[in-house]
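Remarks on the structure that follows.
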There are 2 protein chains.
Amino acid sequence: MASSDSDVRADYSDTERQIFDAALRVFARKGKDGARMQEIADAADINKAMLHYYFRNKETLYAEVFAFTMHRFRASFGASLKEAPTFEETLRVFIEGYVEFVRSNGDAMRLMVNENLAGGTLLGEHLRRMKEDGQAPPQILIEKVEAAVEAGEIRPVDPHHTVLSVISTCIFFFVAKPTVREMHLEGDSWNAFVEDRKQHLFDLLYHGLAPRPDA
Amino acid sequence: MASSDSDVRADYSDTERQIFDAALRVFARKGKDGARMQEIADAADINKAMLHYYFRNKETLYAEVFAFTMHRFRASFGASLKEAPTFEETLRVFIEGYVEFVRSNGDAMRLMVNENLAGGTLLGEHLRRMKEDGQAPPQILIEKVEAAVEAGEIRPVDPHHTVLSVISTCIFFFVAKPTVREMHLEGDSWNAFVEDRKQHLFDLLYHGLAPRPDA
DNA sequence: GTCTATATCTCGATAGAC
DNA sequence: GTCTATCGAGATATAGAC
């Protein structure tokens, strides 16, 4: 258990998880400084004093919520990435997995984006660890893109930019959900929009990467 | 001048613009609730009391900064979008213009994303106005995509999803700059990365949209 | 218009009864 | 473990001299 100085505890109680959910919801929308302990307590349906009983202060609460969220992100995502025979299948599975992850972990995404906007002091350590573990979703996909280029399955593209583009298109529409609703949806259902989006992204990216007959 | 109830004043003094710049910098990173008036005053290099002299309170300061930022966004961007003979040129010009805009208006982007994360109460009105004016960058590009589909210049894609994808790839890497630095840059220059990205995005999206010979 | 001082209030944090 | 009451820091906002 003493593997790394900032490992994530696995034995959170029910109340603690309840607090985590509430804290994540608030931190994700308002950021660390904008969030109010009272609002978190209300969302968790507990007394404000209990927050300080379980977590010394706001700073540690935020740090633990962030670490726990990143931990879940790695675990949940690694599991969703299956092996696929062709790059076409890999791309389809990745988009499906990523969009679904984003859909059901919206606040985790918002938290990470918020941390980026604020300067990302906490990100560094976590990202470095993800990179070293090779567990990061980007890292995995980058290698697959490299292999696909090597095998001539796709055009000779820059793996880093390519993966960044795939991820951007899977996340941004969700981060900017209020804007997207206003600009692109006129009373249509959000869920239907997300389903359409998965298909669109696969088409766009697949054709964007596939080799050109004339090239 | 009484065109609309929430029009943006055009006669801001030098001091007021100085405050706007500082306020935008802070609001963009910390959000409305996370920002501190003292920090804004320091960044603007004026006394904290002066903030309240020029703007009654935090709420109105934020509202005016947001409105002014959206106004500048519309104006600055509309001007950068030139007519182009082919869709290929349109796409290239759009990416160049958008990425450059994002690069030199990073805090404006961060502010909008922050507002989206927080729920986007202020966005609604502004976006609706942009849509009605037809001035919105997305709106303009959507029409060009529709026309290009019609003319057979590109594959029959959904214009809304397509434009959303273009915009996502132009903005997200910037919003997540700290993460991108950590994951994709190893001491390389950010400016060089941005230049590479413009080229990559054009390639990826152009091939993603171009008609298939075999289709 | 500018600054100091201060009023007012909100929020994070703790004490202490149960 | 839970709650009420409250302290004290820090934030917004204002008063008033210059």
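None of the values given here were measured: they were computed from a predicted structure. When reading the values below, keep in mind they use all heavy atoms of this one structure, side chains included, and skip hydrogens, waters and symmetry mates.
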When rounded to whole Å, the NZ to P distance for the pair K32(B) and dT10(C) reads 15 Å

Length of the line joining Y54(B):OH and dC3(C):P, which is rounded to integer Å:
10 Å

Rounded to whole angstrom units, what separation is found between the OH atom of Y62(A) and the P atom of dG12(C)?
15 Å

Between R197(A) and S165(B), is there a side-chain donor-acceptor contact under 3.5 Å, judged purely by atom types and distance?
yes

Establish, with yes or no, whether the OP1 or OP2 oxygen of dA13(C) is under 4.0 angstrom from a side-chain nitrogen or oxygen of Y53(A).
no

Are any of the side-chain heavy atoms of N114(A) and R110(A) separated by less than 4.5 Å?
no

Measure from CG on D42(A) to C1' on dC11(C) and round the result to the nearest Å.
13 Å

CG of N47(B) versus P of dG16(D): gap in Å, rounded?
18 Å

Is there a donor-acceptor contact under 3.5 Å linking the side chains of E64(B) and Y54(B)?
no

R56(B) has an atom CZ; how far is it from atom C1' of dA13(D), in whole Å?
12 Å

Which one, dT2(C), dT4(C), dA15(C), comes nearest to the side chain of A49(A)?
dA15(C)

Donor on one side chain, acceptor on other, Q18(B) and D14(B), under 3.5 Å
no

With a non-hydrogen cut-off below 4.0 angstrom, is F55(B) in contact with a base, only sugar-phosphate, or nothing?
nothing

Could you state the atom-to-atom distance from CG of D33(A) to C1' of dG12(C) in whole Å?
13 Å

Report yes if the distance between the aromatic ring centroids of F20(A) and F27(A) is under 6.0 Å, otherwise no.
no

Provide, to the nearest angstrom, the distance between the CG atom belonging to L51(B) and the P atom belonging to dG1(C).
14 Å

If you restrict it to nitrogen or oxygen atoms, what contacts under 3.5 Å exist between nucleotides 9-12 of chain D and the protein, and what is each distance?
residue, atom, partner, partner atom, Å
dA11(D), O3', R36(B), NH1, 3.4
dT12(D), OP1, M37(B), N, 2.9
dT12(D), OP2, M37(B), N, 3.2

Compute the ring centroids of F66(A) and H126(A), then answer whether they are less than 6.0 Å apart.
yes

E195(B)-N191(B) side chain donor-acceptor pair, cut-off 3.5 Å:
no

